[in-house]
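Take a look at the structure below.
Note that the structure is predicted; figures quoted are calculated from it, not measured. Below, chains carry the letters A, B, ... as their sequence lines are ordered, and counting in each starts from 1. Keep in mind that the numbers below use all heavy atoms, side chains included, and drop hydrogens, waters and symmetry copies.
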Protein chains: 2
Amino acid sequence: MRVHGGRLEALLRRVGRLPGESLARALERAIEVGQLAHLEQLETRILRDGTLATVYLGFARPGTELTGDWRVVGTRTPPEERELVGAAQARLRAKLSYTNLGFALAPEVFTISELRELYVAALGHDVSATNLQRVLLRRGALERVDGHRAPGRTGGRPAALFRFASQRLEVTDEFAALRPPR
Amino acid sequence: MRVHGGRLEALLRRVGRLPGESLARALERAIEVGQLAHLEQLETRILRDGTLATVYLGFARPGTELTGDWRVVGTRTPPEERELVGAAQARLRAKLSYTNLGFALAPEVFTISELRELYVAALGHDVSATNLQRVLLRRGALERVDGHRAPGRTGGRPAALFRFASQRLEVTDEFAALRPPR
DNA sequence: ACAGGTTTTCGTCCCATAGTCTAAAACCTC
DNA sequence: GAGGTTTTAGACTATGGGACGAAAACCTGT
């Protein structure tokens, strides 16, 4: 998945097992990370045609060129695959809230406003730039980067630049509920 | 997994694919729910011997008789399997906090003190009965049941009885972080 | 019967985190 | 320099959960 043109976009790609190929080799080929910023396994199920399918969810940052025969999920995507995409979206939305998964959607360096637009696209609802910055900074997920981005045509204060402190998935919240006593 | 004798206990069972058996049939046989209160898929990986393994995590409530050749995870469990069990425990602990997964560990009806002991065993740290009750009640996960449990030998106020409102996994918390604005 | 101990239950206070709102800062164009 | 725009910072509020203590309801022993 990626955020493209202000919208969350799902891309699908099927990788089959070649005749005579070992399972391990086929799996390696299937999950070839390449330009994906993050990859995780979803579920394994048996498709209607009887084949065993292991589904992976990956994220591409804006600007990365995707090699391979990807196709964008649209209205003509079969229901079975749309269902998988729905599960992937739900997973993404949940993890955005309590992990640093944003790094997989964002470019190397960005302003808070740009990050906010990514979150809006991914979550499907409005997000306050103020809160986003405060929450992510307090968790230590974001770091300041030297320099500012020049304002656009219409003016405005130059935006500070940030980056994600870690490029690997990290759960930032141990869930307040039922936390161990001090 | 189950809570047995005040401790969280992991049980393992391997189900292979029989010669000539279809994939779908083997899967059905493997995940035969039987007496399990809840079952979810974990990951699929290729084991060292080259076979493809799909790992499931299930929960048995206290008192249920388990049929099948289960074995308790102990010090002699091979490292590869212990690793899987560790992941399963982490998942359990996380989900106990933000879902109603407790229903899968608890009997049909219970007192708050009994539920607290289950949580202590599963989480590995102390839990306040007061807060546990308040949190689960506010979420609507628990319901009062008529009647009280008679005090034990040493006396004490009779404990009220509760049950889980739903017997299916429900995420009770939309994660405070980045919640949509009102 | 009553004193003392036990367990459960309820209420209050406190703290941490996140949402809301407003103002200030820093830039643009006209 | 006036007015508009975007970003940034601060104060206030709401919510959810942890800590603590007291009351309720029961037991046993004298």
Side-chain angles (χ1 to χ4, degrees), chain A residues 94 96-100 102 109-120 123 125-162 171-182, chain B residues 94 96-100 102 109-120 123 125-162 171-182:
Chain A
L96 271 185
S97 294
Y98 66 97
T99 69
N100 65 341
V109 161
F110 46 84
T111 70
I112 295 295
S113 297
E114 291 162 1
L115 187 65
R116 172 185 166 277
E117 287 171 28
L118 290 178
Y119 272 70
V120 168
L123 293 175
H125 64 73
D126 198 21
V127 170
S128 152
T130 298
N131 289 333
L132 184 63
Q133 171 174 7
R134 188 159 40 80
V135 168
L136 292 182
L137 274 179
R138 175 162 45 200
R139 288 181 184 170
L142 289 191
E143 286 177 348
R144 264 304 314 265
V145 173
D146 283 344
H148 293 268
R149 177 144 306 170
R153 283 257 174 287
T154 78
R157 176 171 172 168
L161 296 177
F162 293 85
V171 176
T172 53
D173 192 46
E174 277 302 312
F175 299 116
L178 310 177
R179 160 199 312 149
R182 281 168 296 181
Chain B
L96 272 184
S97 294
Y98 67 97
T99 71
N100 64 342
V109 161
F110 47 84
T111 70
I112 295 295
S113 297
E114 292 162 1
L115 188 63
R116 173 186 166 276
E117 287 171 29
L118 290 178
Y119 272 70
V120 168
L123 293 175
H125 64 74
D126 199 20
V127 170
S128 153
T130 297
N131 292 332
L132 183 64
Q133 172 174 7
R134 188 159 43 82
V135 168
L136 291 181
L137 274 180
R138 176 158 48 196
R139 288 180 184 171
L142 289 190
E143 286 177 348
R144 264 304 314 265
V145 172
D146 283 343
H148 292 268
R149 178 143 305 172
R153 283 258 174 284
T154 76
R157 176 171 174 169
L161 297 177
F162 294 85
V171 176
T172 52
D173 193 46
E174 277 302 311
F175 300 117
L178 309 178
R179 158 199 315 148
R182 283 169 296 179

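The residue B:A160 sits close only to the backbone: its heavy atoms come under 4.0 Å of sugar-phosphate atoms, none of a base.
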Q.
Checking A:L161 against A:F110 for the side chain to side chain contact (heavy atoms under 4.5 Å, CB included) test, could you report, in this order, the C-alpha distance in whole Å, the side-chain angles of both residues, the deciding distance, and whether it holds?
A. CA-CA 5 Å; A:L161 296 177; A:F110 46 84; over 6 Å; no

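Atom pair B:D126:CG and D:dG18:P shows a separation of 11 Å (rounding to whole Å applied). Atom C1' of nucleotide D:dT6 and atom CD of A:Q133 are separated by 13 Å, given to the nearest angstrom. Distance, B:N131 CG to D:dG21 P: 14 Å, rounded to whole Å. Nucleotide C:dT9 holds its C1' atom 12 Å from the CG atom of B:L137, rounded to whole Å. Rounded to an integer number of Å, the gap from B:H148 NE2 to D:dA25 P is 9 Å. Here C:dG19 presents its P atom at 13 Å from CZ of A:R116, a figure rounded to the nearest Å. The distance from atom CZ of A:R134 to atom P of D:dC12 is 14 Å, rounded to the nearest whole Å. Between the CG atom of B:L132 and the C1' atom of C:dT8 there is a distance of 14 Å, given to the nearest Å.
Nearest-nucleotide assignment on DNA chain D puts the 5′-proximal partner with A:F162, out of B:R157 and A:F162. The 5' end of DNA chain C is approached more closely, in terms of each residue's nearest nucleotide, by B:P158 than by the other of A:R138 and B:P158. The residue among A:E114 and B:T130 whose nearest nucleotide of DNA chain D is located toward the 5' end is A:E114.
Looking only at distances, no side-chain donor or acceptor of B:E117 sits under 3.5 Å from a matching main-chain atom of B:E114. Judged purely by atom type and a 3.5 angstrom limit, A:R116 uses its side chain to pair as donor or acceptor with the backbone of A:V127.
For A:R144, no side-chain nitrogen or oxygen approaches OP1 or OP2 of D:dT8 to under 4.0 Å. Residue A:R153 places none of its side-chain N or O atoms closer than 4.0 Å to OP1 or OP2 of D:dT5. A sub-4.0 Å separation between OP1 or OP2 of C:dC28 and a side-chain N or O of A:T154 is absent.
At most 12 heavy atoms of other shown residues, nucleotides or ligands fall within 6.0 angstrom of atom CZ in B:R153.
Here OG of B:S113 is found 10.0 Å from CG of B:L132. Values are rounded to the nearest 0.5 Å.
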